[in-house]
Amino acid sequence: MTQRGTLSVAVVGTGRMGADHVRRINEVTAGARVAAVVDVDGERAKSVAAGVEGCTAYTEPAAAMADVDAVLIASPGPAHEAALLAAFEHDLPVLCEKPLTPDAASALRILEAEQKLGHRRVQVGFMRRYDAEYVKLKALLDSGQLGRPLMLHNRHRNAASPPGFTDAMLINDSVVHEMDVTRWLLGQEITAVTVLRPTPTGNAPEGLSDPQFVVFETDGGALVDVEIYVNCGFGYQVQAEAVCEYGTARIGDGHAMVTHMAGRWGGTVAQDYVERFAQAYDHEVQAWVDATRRGEVTGPSVWDGYAAAAVCEAGVRAQSEGRRTEVELIDRPALYA
């Protein structure tokens, strides 16, 4: 490590998420600094690096890894596999934004490569696990006070979908978060997926079937539903309610502050995921830095990234074929037990 135990980090990808992580590491996170940034757009990389003292810009991930302590990958999903394998060659700890890779086959290759190292190196960026409300819900379910979870209801709404958003992206880019929190909250694997479609909203762009209703079955016998609605018009809203044997618990109502004025009462609705999960991202990166400085790897693993990719593939098949689709998973390796 560098002097004073400060972690030198290479950030791969300097788009919206990558640039935000550069800001986060330099302005919010303790114990780390950005020493290198990487982007195929060399000018963009240079522009980001120019705002960080002692930061060097690169266009190839491998070139940036020779003289850093850790890597944060925030490039587009199809580029993750090559960057991860390059990091493994240097045995560097990695925080990899989701998806681990875009499909189960490539995720399995990463899983096999990490196993050859003989130890974990990757934390996958499923940030909801670091959100205060989700953490409280997880602790409550783990305590057993509510008994066995029977059902989990999820709502995932966006004000408007970005240009080019497709039905498959509803699963791969949006519902993937519910896939991960389902597995994490319940401690169960998802075994099958069904996708149902109401009549689309008139707010959806042509060619996008929005909203959709996704149902998971788990190996623990729980049923989980997800309302995914990416053109709701009013904001970004993520909610979850666990229905258990002895009670229920709900998060995401967003009622931290309610105002009364001018004959009205109400609050505000976040407009995007960066606003809603800002603190979760901060806690996620800080947890990664702290663990890395201790010589540990914690948080969502390559197994979690692989499992999410496998569930996504089942979800896209269920969506396109209009039928219940079983999830195909290999046996869980001992490294991820």
Side-chain angles (χ1 to χ4, degrees), residues 95-101 104 107 110-111 114 120 122-156 171-193 214-228 238-244 248-252 273 276-277 279-288 291 296-315 327 329-330 332-333 335-337:
L95 173 57
C96 180
E97 277 295 346
K98 68 89 184 169
L100 176 68
T101 62
I110 295 300
L111 186 144
E114 190 178 50
R120 281 189 57 190
V122 181
Q123 174 182 320
V124 181
F126 287 118
M127 79 292 185
R128 289 193 193 177
R129 297 190 186 201
Y130 298 88
D131 175 72
E133 290 188 75
Y134 274 103
V135 169
K136 287 181 181 178
L137 179 57
K138 170 68 171 171
L140 179 60
L141 295 178
D142 286 351
S143 75
Q145 294 180 56
L146 297 182
R148 181 169 58 88
L150 307 174
M151 294 179 287
L152 182 65
H153 304 301
N154 299 277
R155 289 175 291 279
H156 186 158
I171 301 295
N172 292 328
D173 289 23
S174 297
V175 180
V176 63
H177 285 290
E178 279 73 26
M179 294 170 182
D180 181 68
V181 295
T182 290
R183 297 179 57 258
W184 177 62
L185 288 173
L186 304 184
Q188 301 171 21
E189 293 293 356
I190 298 170
T191 57
V193 185
V214 184
V215 179
F216 307 145
E217 301 168 40
T218 76
D219 60 3
L223 285 178
V224 180
D225 62 78
V226 184
E227 173 209 306
I228 179 65
V238 168
Q239 300 169 319
E241 181 179 28
V243 179
C244 306
T248 68
R250 187 174 67 196
I251 62 172
Y273 67 93
R276 166 62 180 85
F277 289 109
Q279 289 188 332
Y281 282 115
D282 290 349
H283 294 163
E284 172 191 54
V285 174
Q286 188 66 67
W288 173 64
E296 301 174 0
V297 179
T298 60
S301 68
V302 165
W303 173 261
D304 296 311
Y306 160 71
V311 178
C312 279
E313 289 192 351
V327 177
L329 280 179
I330 66 166
R332 189 168 184 151
L335 181 62
Y336 309 104

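In this chain, numbering begins with 1 at the start of the sequence shown.
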- Between Arg183 and Glu178, is there a side-chain N and carboxylate O pair less than 4.0 Å apart? no
- Message: Tell me whether the count of non-hydrogen atoms from other residues, nucleotides or ligands lying under 6.0 Å of CZ in Arg332 goes above 12.
- Response: yes
- Looking only at heavy atoms, which two atoms of Ser301 and Val124 are closest? And how far apart? O-CG2, 3.4 Å
- Task: Flag the pair Glu296 and Arg120 as a salt bridge only when some basic side-chain nitrogen lies within less than 4.0 angstrom of an acidic carboxylate oxygen.
- Result: no
- Query: Heavy atoms, side chains only, cut-off 4.5 Å: are Phe216 and Leu186 in contact?
  - Reply: no
- Task: Using atom types as modelled and distance alone, determine if a side-chain donor or acceptor of Lys98 lies under 3.5 Å from a backbone N or O of Ala308.
- Result: no
- Query: Looking only at atom types and distance, does a side-chain atom of Gln188 sit under 3.5 Å from a main-chain N or O of Gly220, one as donor and one as acceptor?
  - Reply: yes
- Item | Side-chain ion pair, Arg276 and Asp131, N-O less than 4.0 Å | yes
- Item | Donor on one side chain, acceptor on other, Gln286 and Tyr281, under 3.5 Å | no
- Message: Would the distance check show the side chain of Tyr306 and the main-chain N or O of Leu100 forming a donor-acceptor pair, the cut-off being under 3.5 Å?
- Response: no
- Task: Side-chain contact test, heavy atoms from C-beta onward, threshold under 4.5 Å: evaluate it for Leu152 versus Thr182 and give yes or no.
- Result: yes
- Task: Using the six-membered ring wherever Trp is involved, compare the ring planes of His177 and Phe126 and label them parallel, tilted or perpendicular (cut-offs 30° and 60°).
- Result: perpendicular
- Message: Any side-chain to backbone donor/acceptor pair from Gln123 onto Cys96? Under 3.5 Å, distance only.
- Response: no
- Do Thr101 side-chain atoms and Ala107 backbone N/O form a donor-acceptor pair below 3.5 Å? yes
- With the threshold set at 4.0 Å, does a side-chain nitrogen-carboxylate oxygen contact exist between Asp180 and Arg129? yes
